[in-house]
Amino acid sequence: MVVTRFAPSPTGYLHIGGLRTALFSYLWAKENGGKFVLRIEDTDKARNSEEATEAILKAFDWLGLEHDGEITYQSQRDDIYAKYIKQLLDEGKAYKCYMSKEELTELRETQMANKERTKYNGKYRDFDGTPPEGIQPVIRIKAPQTGEIIVKDGVKGDVVFQAEDILDDFVIARGDGAPTYNFVVAIDDHLMGINQVIRGDDHLSNTPKQMVVYEALGFPLPKFNHVPMIHNAAGKKLSKRDGATDVMAYKEMGYTPAALLNFLVRLGWSHGDQEIFSMDEMIHLFNPVDINKSASIYNTDKLDWLNAHYIKNSSNDELAQLLTEYGLVLTSHDKREILLDTLKERAKTLKELASLVNEVLSTPHEYDAKSVKKAFKDGAIEILNNFGKKIDACEELHLPVDYHAVMEGLATEMEIGFGKIGQPLRVALLGKLSGPGLDEVMAIIGKEETMLRIANAITANL
Ligand code: GLU
């Protein structure tokens with residue numbers, strides 16, 4: 001069974017780079033009928049917060065990404081880590097190092113002066129003398145000093161590291177007994193049964209160290225898949241300004257979960273030239289072997305395009321539900337259908353959709369000056385007056401076509417073009433010259449409100 005994980009450090013909000021690896025991990029587990037588990041890497045007490053963990057869970061909830069089983073918190077697993085530290089010490093695979101801070105600094109400075117790589121020199125590796133007093137030893141693991149460490153990566157292929165270039169006997173527990181990052185990651189991934197690690201390639205340099213831990217503890221290696229970063233259009237690391245922001249900010253901007261997930265799955269993964277993927281399709285088609293080897297480029301236009309697609313293709317029930325976030329309560333009746341059918345074609349975001357809905361449903365109290373200037377030429381008031389009367393006289397006004405017929409009748413009677421009616425009417429109804437079709441607007445707001453808005457515009461003496 002495939003078991004994947006998402007292992008965020010709760011230092012802040014969930015950003016889209018993290019969400020993308022979470023999504024990839026989720027998809028790959030689901031595709032295989034496996035499990036997607038969540039581990040909170042909260043060992044850095046100074047930088048971690050419960051709010052950050054909650055923010056991550058909230059984002060998952062919004063997006064409908066469910067993790068399997070209980071959440072694992074590293075902060076609650078000190079006993080487990082201590083057990084493995086003891087085991088490695090007992091087996092002679094790790095040792096206590098009594099080097100003082102001053103000594104270490106001196107060593108580093110000498111190495112730097114000699115233009116050597118700074119690393120621990122193995123002073124206490126085979127030490128059997130009397131340890132110096134007053135020093136709480138750190139625990140170091142015996143790492144290979146020579147030879148190759150090959151990460152058999154599912155995305156990048158074999159990545160070869162030379163032990164002497166990257167490894168030394170690194171610390172697995174600090175002087176106060178606290179275990180270190182690479183040590184606990186390897187232990188947790190093993191104990192949690194994770195056999196497919198999908199994570200950002202900013203972690204690739206940690207992998208050889210984690211492999212040393214796996215080896216020392218006799219754990220089988222998981223399959224590693226390191227996903228290239230997301231870059232901005234200039235090919236640089238994504239900054240806040242480009243979109244490397246809190247996932248929940250996308251909610252606030254009016255993106256739908258479906259669009260955001262679809263957008264993210266295509267950042268670094270593709271299936272032919274297909275752009276639109278339902279969740280089922282993503283699960284069915286995603287495979288880490290198809291993850292691109294180079295960085296992907298974040299493109300806001302693409303996200304907008306996808307979002308518009310999902311808005312357009314959502315049912316009105318779904319949209320009404322999503323719009324409740326904007327304080328809009330649209331109950332299901334014919335008017336709502338016309339309203340949403342008309343407006344969902346025009347909105348790139350839910351926020352835009354909400355403001356279009358509000359624009360149509362609220363009686364305008366202000367009129368855009370430029371629109372007024374353009375629309376209220378000679379005769380406009382008379383036309384509006386006539387139109388209002390005609391509407392008033394009509395009994396059966398329900399659908400857009402009914403209102404259209406009234407406009408047509410007036411155009412014929414007054415021998416004028418549609419534009420002559422449409423322009424002042426649009427300003428009267430919506431306060432400006434842009435917006436959705438007038439027939440639809442009138443059908444949505446109904447006869448009384450149409451007449452009220454016309455009367456208001458006439459009184460406003462535009
Ligand atoms: N906690 C790490 C992070 O938030 C991820 C570790 C991993 O995926 O192995 O970047």
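None of the values given here were measured: they were computed from a predicted structure. This chain uses plain numbering: 1 for the first residue, then up along the sequence. Remember, it's 1-based here, ligands and their atoms both numbered in the order they're listed.
Between Arg117 and Glu164 no salt bridge is recorded (no basic side-chain N to carboxylate O distance below 4.0 Å). One finds a salt bridge joining Arg39 and Asp189 here, because a Lys/Arg side-chain nitrogen approaches an Asp/Glu carboxylate oxygen to under 4.0 Å.
A cation-pi contact, defined as under 6.0 Å to the ring centre and within 45° of the axis, is absent between Arg5 and Phe36.
Listed by chain and residue number, the protein contacts of ligand 1 are Arg5, Ala7, Pro8, Ser9, Glu41, Tyr181, Arg199, His203 (heavy atom within 4.0 angstrom).
Between Val151 and the choices Met211, Gln210, Lys156, the side-chain contact (heavy atoms from CB on, under 4.5 Å) rule is met once, by Met211.
Every side-chain hydrogen bond (donor to acceptor under 3.5 Å, both in side chains) that Asp317 has, sequence neighbours left out, goes to Arg336.
Relative orientation of the Phe219 and His190 rings is parallel, given thresholds of 30° and 60° on the angle between their planes.
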